[in-house]
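Take a look at the structure below.
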2 protein chains.
Amino acid sequence: MTPTPTTTPRTTGVPPGAGSSASRQHTLRERNLRLVARAIYEAAPPPSGTTPPSRADVAAATGLTRATVSTLVDHLVAARLVAELAPTSSQRAGRPAVPLVPARRTVVGLGLEVNVDYLGVRALDLAGDVVADAVERGAFHDSDPAGVLGRLGALAADVVTRLEAEGMRVAGARLALPGLVDARTGELEVAPNLGWSSLDPVGLLGLGALPVHVANEAKLAALAELAGEVPPSFLYVSGDVGIGAGIVVDRSLFLAERGWNGEVGHVVVDPAGPRCSCGARGCLEQYAGKEAVLRAAGLPLDAPLGALVAAIEADDDGARDALHRAGRALGSALADFVNLTGVSTVVLGGVYTELEPWLRDAVLAVLRERVLAAPFVELDVRAARAGQHAALSGGAREVLREVVADPVAWG
Amino acid sequence: MTPTPTTTPRTTGVPPGAGSSASRQHTLRERNLRLVARAIYEAAPPPSGTTPPSRADVAAATGLTRATVSTLVDHLVAARLVAELAPTSSQRAGRPAVPLVPARRTVVGLGLEVNVDYLGVRALDLAGDVVADAVERGAFHDSDPAGVLGRLGALAADVVTRLEAEGMRVAGARLALPGLVDARTGELEVAPNLGWSSLDPVGLLGLGALPVHVANEAKLAALAELAGEVPPSFLYVSGDVGIGAGIVVDRSLFLAERGWNGEVGHVVVDPAGPRCSCGARGCLEQYAGKEAVLRAAGLPLDAPLGALVAAIEADDDGARDALHRAGRALGSALADFVNLTGVSTVVLGGVYTELEPWLRDAVLAVLRERVLAAPFVELDVRAARAGQHAALSGGAREVLREVVADPVAWG
DNA sequence: GCGGTTTGTTGTACGGATGAACTATTGCCG
DNA sequence: CGGCAATAGTTCATCCGTACAACAAACCGC
């Protein structure tokens, strides 16, 4: 009866993206390559006392045969993702093992960042070494996105050409921005402190073919903590003018929907409190934001953080008290955070890192009072350990994590 | 030099559980079996108008060859996980397809629950049909765990023997409890409304070899929503005396660390508010808990929910106002929840389901004010659709999800 | 009833992991 | 100093699961 006898698109009943994709033979190889790469990489950094693993060690750890591991490792070595050290004759009998370590200065990841008072580029190699670092101070409050991102792009391009001249391959880049970034599209919705909104930062960088992903600054900074010893899951809270957070679960970022989580700065501490820029009343930001703390301590809003530390160390009771009250408010909001996410470790980043000695007790005390599971878990509050401009390191690290997760793409 | 020449345990440098395990040939088959099973199962339920997929449809959807899909489907049919319908001669040319559907009454999952006023067992088959349902009312406030769980175990054992007599296999069970359950060990730390603490519920059930996992009631109830049409990620908030929640991300439960998340009942709404049983002040429970709402509406604390609904429908301004205020408080706590998790859909469960018509506007209004990403996402607040005793269905469903995820174990 | 069409099956080829040898290189001990 | 035990890494035949292509089966329309 239908006049058009064309092939009618049938409703098959199977939804299109139902689950992951089909596994073929080469999927197997990819997965095992990843397994071997991870075994080598995760063995490397913190317990530096131990010898790097050999092919046989990797075989034992992964459950693969020595034969299989051998061919896989050969691939990784050929791809310059893994390097062999000189066979160190151990004190044991038998043929000496060939230690396998992450390759140095072969493949690098790039971390980019624009924040209120600086922009920068950092490159890490697979061993975690900083092979390039370029930070420019500036005042980017209410700045021009095209100009600033163009400048950052030029800086990054310089770094890339220099590294490539030295024979390294740049695997990709992560751009950290202090705002709401759509984890799916990579577009920036709004960055209040920069005065930016609704733009595509990757295009403005002008970095050509280099794959660049964009993310929120606090979230990339959270990933930088993974370079050291941390529990597999933690909340990274970054204090600045605003207060952002990254949720790390099993060593990877929690990004439901579009990744707009961790907005701890606008958790209500007191509905009768002062009005916040977001329109609500009594947001945490009004108690524990950088400006709120400086004001409470009787310091000018543009005072450097060192001034606050100096005041405390000079036994300024006002300053100490300001931090104590900020810590209680922070604890209150973090109690909600912990109650809602079930993650029991809090890492204090941003300006909180330096202030941690005077914040920690108050935060922890409130957490102990208010977290329901407190009797059954070990609550932990600690300072971040990733150093200056953590988002740069975290971003670069994340690029390399992808390389290790899919070594085939880099063979 | 060491006096004992035994093999010294070497420090290999590779951490033991580094990543997943090795992929062998049969891993490939397992993964593809899962893929095929999912394609068939996910195609089945909601768009019932469409024809079930054929082998060729599954091949097209998964990217596998028709040949491969054929052998895999044959396995699933032999394992009685999938059934073939009669080849329906469609109106198209060509050999008629054999529609593939989830098998009925072959493998079933069991949902168990003990709550304050009832205990029950429910069995679902792979098609989602209820094949057994046994609920007993009771008053289990401050009850004896061994007695109550023993009774539930006996009830479950009856169901199991009856179903097995009919030729079905019981794949496992999930026990829902209104308290803090350790997602790793399955132990119950505390269930205030039952007066239980520090016990191993699985042992007290006495169900022998049947694999039973334990989980929080709200979390299993959340999973029941997946039977209908829901977004892949949502917050399920279950109102009762206490207020619990389940966080569903990409159609599976978010369970960081020990799964102690979603404690939205103790988010602070007002630090100057009334004291809560948890020790803090102004917890959401004091504003939007069942008893708080009844009290505010001028009803006795043990009044049935219907009384509140009746009062509202009789234009009782006090009752309507009580719900409006509860909705505002709920909205405030949920705004924190949404800001912290980034999940923008809220499903109202428990007593909130029935009250949703009078809660929704207030909740949504506060969310629109307070969620930072509100301008960029579609916030949604809706009533649960899973029906009575959702945790029973959610638990049973979860068992079956595991069966489908690893069909090899049931071949 | 015959070509066209779609479904499902059969046989061959190929890629990748395995396990059992085998080689390589050391320490230990007589 | 030479044989032996021990450990690391490699080689090769085999197995397993998927792809590809050809084929059989069952329908449509004309």
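Within every chain, numbering begins at 1; the chains are lettered A, B, ... in the order of the sequence lines, protein sequences first and strands thereafter.
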Distance in angstrom units between A:Leu85 CG and D:dA8 C1', rounded:
16 Å

State whether A:Ser54 places a side-chain N or O below 4.0 Å from either non-bridging phosphate oxygen (OP1 or OP2) of D:dG9.
yes

All side-chain hydrogen bond (donor to acceptor under 3.5 Å, both in side chains) counterparts of B:Arg397, not counting sequence neighbours
none

Hey, could you give me each pair passing salt bridge (Lys or Arg N to Asp or Glu O under 4.0 Å) that has a residue in residues 248-259 of chain B? Not counting sequence neighbours.
B:Asp182-B:Arg258

Under the ring pair (Phe, Tyr, Trp, His ring centres under 6.0 Å) test, which residues partner A:Phe254, sequence neighbours left out?
B:Phe254

Out of C:dT9, C:dT7, D:dA8, which has the shortest distance to the side chain of B:Ala97?
C:dT7

Across all chains, not counting sequence neighbours, the salt bridge (Lys or Arg N to Asp or Glu O under 4.0 Å) partners of A:Arg31 are none

Examine C:dG8: is either OP1 or OP2 under 4.0 Å from a nitrogen or oxygen in the side chain of B:Ser70? Give yes or no.
no

Applying side chain to side chain contact (heavy atoms under 4.5 Å, CB included) to B:Ala183 and not counting sequence neighbours gives B:Leu255

Minimum side-chain heavy-atom gap A:Val404-A:Leu126 below 4.5 Å:
yes

Who pairs with B:Glu166 by side-chain hydrogen bond (donor to acceptor under 3.5 Å, both in side chains), at least two apart in sequence or on another chain?
none

Using nucleotides 16-20 of chain D, report all nitrogen or oxygen pairs with the protein that are shorter than 3.5 Å.
| residue | atom | partner | partner atom | Å |
| --- | --- | --- | --- | --- |
| D:dC16 | O2 | B:Gln25 | NE2 | 2.5 |
| D:dG17 | N2 | A:Gln25 | NE2 | 3.4 |
| D:dT18 | OP1 | B:Asn32 | ND2 | 3.2 |
| D:dT18 | OP2 | B:Arg29 | NH2 | 3.0 |
| D:dA19 | OP1 | A:Arg24 | NH1 | 2.6 |
| D:dA19 | OP2 | B:Thr65 | N | 3.4 |
| D:dA19 | OP2 | B:Thr65 | OG1 | 2.7 |
| D:dA19 | OP2 | B:Thr68 | OG1 | 2.7 |
| D:dA19 | O5' | B:Thr65 | OG1 | 3.4 |

Detail all sub-3.5 Å separations between protein N/O atoms and N/O atoms belonging to nucleotides 2-4 of chain D.
none

What side-chain donor-acceptor pairs closer than 3.5 Å can you find for residues 98-106 of chain A, not counting sequence neighbours?
| residue | atom | partner | partner atom | Å |
| --- | --- | --- | --- | --- |
| A:Arg104 | NH1 | A:Asp129 | OD2 | 2.3 |
| A:Thr106 | OG1 | A:Arg80 | O | 2.8 |

For B:Glu225, salt bridge (Lys or Arg N to Asp or Glu O under 4.0 Å) partners two or more places apart
none

Can you pull every protein N or O that's under 3.5 Å from an N or O on nucleotides 22-25 of chain C?
| residue | atom | partner | partner atom | Å |
| --- | --- | --- | --- | --- |
| C:dT25 | O2 | A:Arg95 | N | 2.9 |

Heavy atoms only, 4.0 Å cut-off, all strands: where does B:Val98 land among base, sugar-phosphate and nothing?
sugar-phosphate

d(CZ, A:Arg55; P, D:dT11) in whole Å:
11 Å

For residues B:Tyr41 and B:Leu81, determine if any side-chain heavy atom of one lies less than 4.5 Å from a side-chain heavy atom of the other.
yes

Contacts of A:Arg55 meeting side-chain hydrogen bond (donor to acceptor under 3.5 Å, both in side chains) (sequence neighbours excluded), chain-then-number -> A:Asp74, A:Glu84

